[in-house]
Engineer: 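Have a look at this one.
Letters A, B, ... mirror the listed sequences (proteins, then strands); counts begin at 1. Owing to the predicted nature of the structure, the values given are computational and were not obtained by experimental measurement.
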2 protein chains.
Amino acid sequence: MEGSTPRGRTRIQKEKREVILEAALEVFSTNGFRGSTIDQIAEAAGMSKPNLLYYFRRKEDIHETLMHRLLDTWLAPLKELDNIGDPMTELRSYIRRKLEMARDFPRESRLFANEILQGAPRIMPMLEGELKELVDEKVEVIRGWMRNGKVARTDPWHLIFAIWATTQHYADFDVQVRAVLGPDRGGDGRFEDAARFLEQLFLEGLKPKAG
Amino acid sequence: MEGSTPRGRTRIQKEKREVILEAALEVFSTNGFRGSTIDQIAEAAGMSKPNLLYYFRRKEDIHETLMHRLLDTWLAPLKELDNIGDPMTELRSYIRRKLEMARDFPRESRLFANEILQGAPRIMPMLEGELKELVDEKVEVIRGWMRNGKVARTDPWHLIFAIWATTQHYADFDVQVRAVLGPDRGGDGRFEDAARFLEQLFLEGLKPKAG
DNA sequence: CAATTTTTTGACCGATTGGACAAACGTTAG
DNA sequence: CTAACGTTTGTCCAATCGGTCAAAAAATTG
């Protein structure tokens, strides 16, 4: 047709775009946006640089596509936090889901962390819009639990921050965690240890007081 | 003398090196190592690029100097965690000190986070050596408290990770925290709110059980 | 087969990068 | 004054960067 970026029309275009995005996730998450080069991504994707640029016209387009996809996956666990079940069980499930994401999608976590660390220049609107609205909504849910005496009264915003921080820590600071734990304790079991600890910390720390 | 980097001999050299390090901290912490240019640092330091290179021969030398200094400051709070006072009071003080560092030295925190995120290529030996030894030592202190029934029995390593994660979160993810809290709650008071929440979470979560 | 469209690549470009270097500048000591 | 030393800068360079382009190679269509 014309010279613009192919709009995922043919099957081969969809496939190649996926290969590129997978390679870019690997490269971006370990080097950051400015620290990554198109050549690196192209090599990781098994194609030449001009060929990659045939599917994504600019380096930033790859990053943007990656970020948009990421946010959906990223917010899913919080969206599931619902008013349906027992509050403490809901919180435990949320913590567990977040920790599983840190374990299974560490690159996505690091990509996100990289972006936030540098001031979120590309996703600030999304933070102030979509993310804030979702958090506000869930804060109200948690507040309801606190009013009903199901959860200890405390600051719901900072509770959410604490859950984010502690779980994502195992993806973003993975090398530090492993270095400190050492070869013995730093193996695959560290996520189960973390899950046990975090469950105890949050469930005991948020147990409602009598009165 | 000769052409090598001046060894902080004269007073003016010491001063200029400080100016450069201060400027580099600002630039590195917001752009990462590869994302920062010598020109940026030179401009922030108010001098020309060749002049900056007269005091630090390579870009990496600046980063390395910064990192070495950083670690001393960074580990100080944990070193203070001591067996002297009441265990719960000691833990509360540690959390408070770490949160104060996140508030007062966010650039240092972000510089460190940047390095870890990218796999800690420049400070890995320090993580496996100095840091691991310090943590191992403090883990023993905490274990003693648990044996004496002063602190709930749990995993001391992950307790330390949780304190690191929750406090540094307010420096590293500052823009996200502020975006989510919004203009009303995102002001200067957020650190006091965070302090109150974290104190409650950790102190309740670690309160020893009878028996 | 030929014609057309999509995909791939080698060669290239301007801008930016980290860094080198000699010359100029400033300061101080004799 | 001059000589010596420490400091500063303009200029330059090779490497790397993101990105273009024309043309070759495949694939598709008639």
Engineer: How close or far is atom P of D/dG18 from atom NE2 of A/His63, stated in whole angstroms?
Structural biologist: 13 Å

Engineer: Does a nitrogen or oxygen in the side chain of A/Asn51 sit under 4.0 Å from OP1 or OP2 of C/dT7?
Structural biologist: no

Engineer: Can you tell me how far P of D/dG18 sits from CG of A/Leu52, to the nearest Å?
Structural biologist: 11 Å

Engineer: Measure the distance from CZ on A/Arg17 to C1' on C/dT8 and round it to the nearest whole Å.
Structural biologist: 17 Å

Engineer: Send over the distance from A/Ile41 CD1 to D/dG19 C1', rounded to a whole Å.
Structural biologist: 14 Å

Engineer: Whole angstrom is fine here: how far is it from CG in A/Leu53 over to C1' in C/dT6?
Structural biologist: 17 Å

Engineer: Base contacts versus sugar-phosphate-only contacts with protein, heavy atoms under 4.0 Å: please encode nucleotides 11-17 of chain D as B, S and - from 5' to 3'.
Structural biologist: ------S

Engineer: Between A/Arg107 and A/Thr30, is any pair of side-chain heavy atoms under 4.5 Å apart?
Structural biologist: no

Engineer: Please report the distance, rounded to the nearest Å, between NZ in B/Lys14 and P in D/dT7.
Structural biologist: 13 Å

Engineer: So, B/Arg17 and B/Asp61, do they make that salt bridge, N to O below 4.0 Å?
Structural biologist: no

Engineer: Is atom CD of A/Glu43 surrounded by more than 12 heavy atoms (other residues, nucleotides or ligands) closer than 6.0 Å?
Structural biologist: no

Engineer: In whole angstrom, what separates B/Met47's CE from D/dT9's P?
Structural biologist: 8 Å

Engineer: Please check the phosphate of C/dT7 (OP1 and OP2 only) for any side-chain N or O of A/Tyr54 closer than 4.0 Å.
Structural biologist: yes

Engineer: For atom CG of B/Asp72, is the number of surrounding heavy atoms from other residues, nucleotides or ligands below 6.0 Å larger than 12?
Structural biologist: yes

Engineer: In whole angstrom, give the distance that lies between atom CD of A/Glu60 and atom P of D/dG18.
Structural biologist: 12 Å

Engineer: Taking the side chain as everything from C-beta on, heavy atoms only, tell me whether B/Leu21 gets closer than 4.5 Å to B/Ile62.
Structural biologist: yes

Engineer: Going by heavy atoms in the side chains, are B/Val139 and B/Ile160 under 4.5 Å from each other?
Structural biologist: yes

Engineer: Give a yes/no answer on whether the side chain of B/Gln13 brings an N or O atom under 4.0 Å of OP1 or OP2 in D/dG6.
Structural biologist: no

Engineer: Among B/Arg196, B/Arg185, B/Gln200, find the one that has a side-chain hydrogen bond (donor to acceptor under 3.5 Å, both in side chains) with A/Asp155.
Structural biologist: B/Arg185

Engineer: For the pair B/Lys138 and B/Tyr94, evaluate side-chain contact (heavy atoms from CB on, under 4.5 Å) and give the outcome as yes or no after the intermediate values.
Structural biologist: CA-CA 12 Å; B/Lys138 298 307 177 182; B/Tyr94 179 49; over 6 Å; no

Engineer: Strictly below 4.0 Å, N to O, side chains only: are B/Glu80 and B/Arg96 in salt-bridge contact?
Structural biologist: no

Engineer: Enumerate the residues from residues 18-32 of chain B whose closest heavy atom to DNA chain C is under 4.0 Å, giving them by residue number; use none for an empty result.
Structural biologist: none

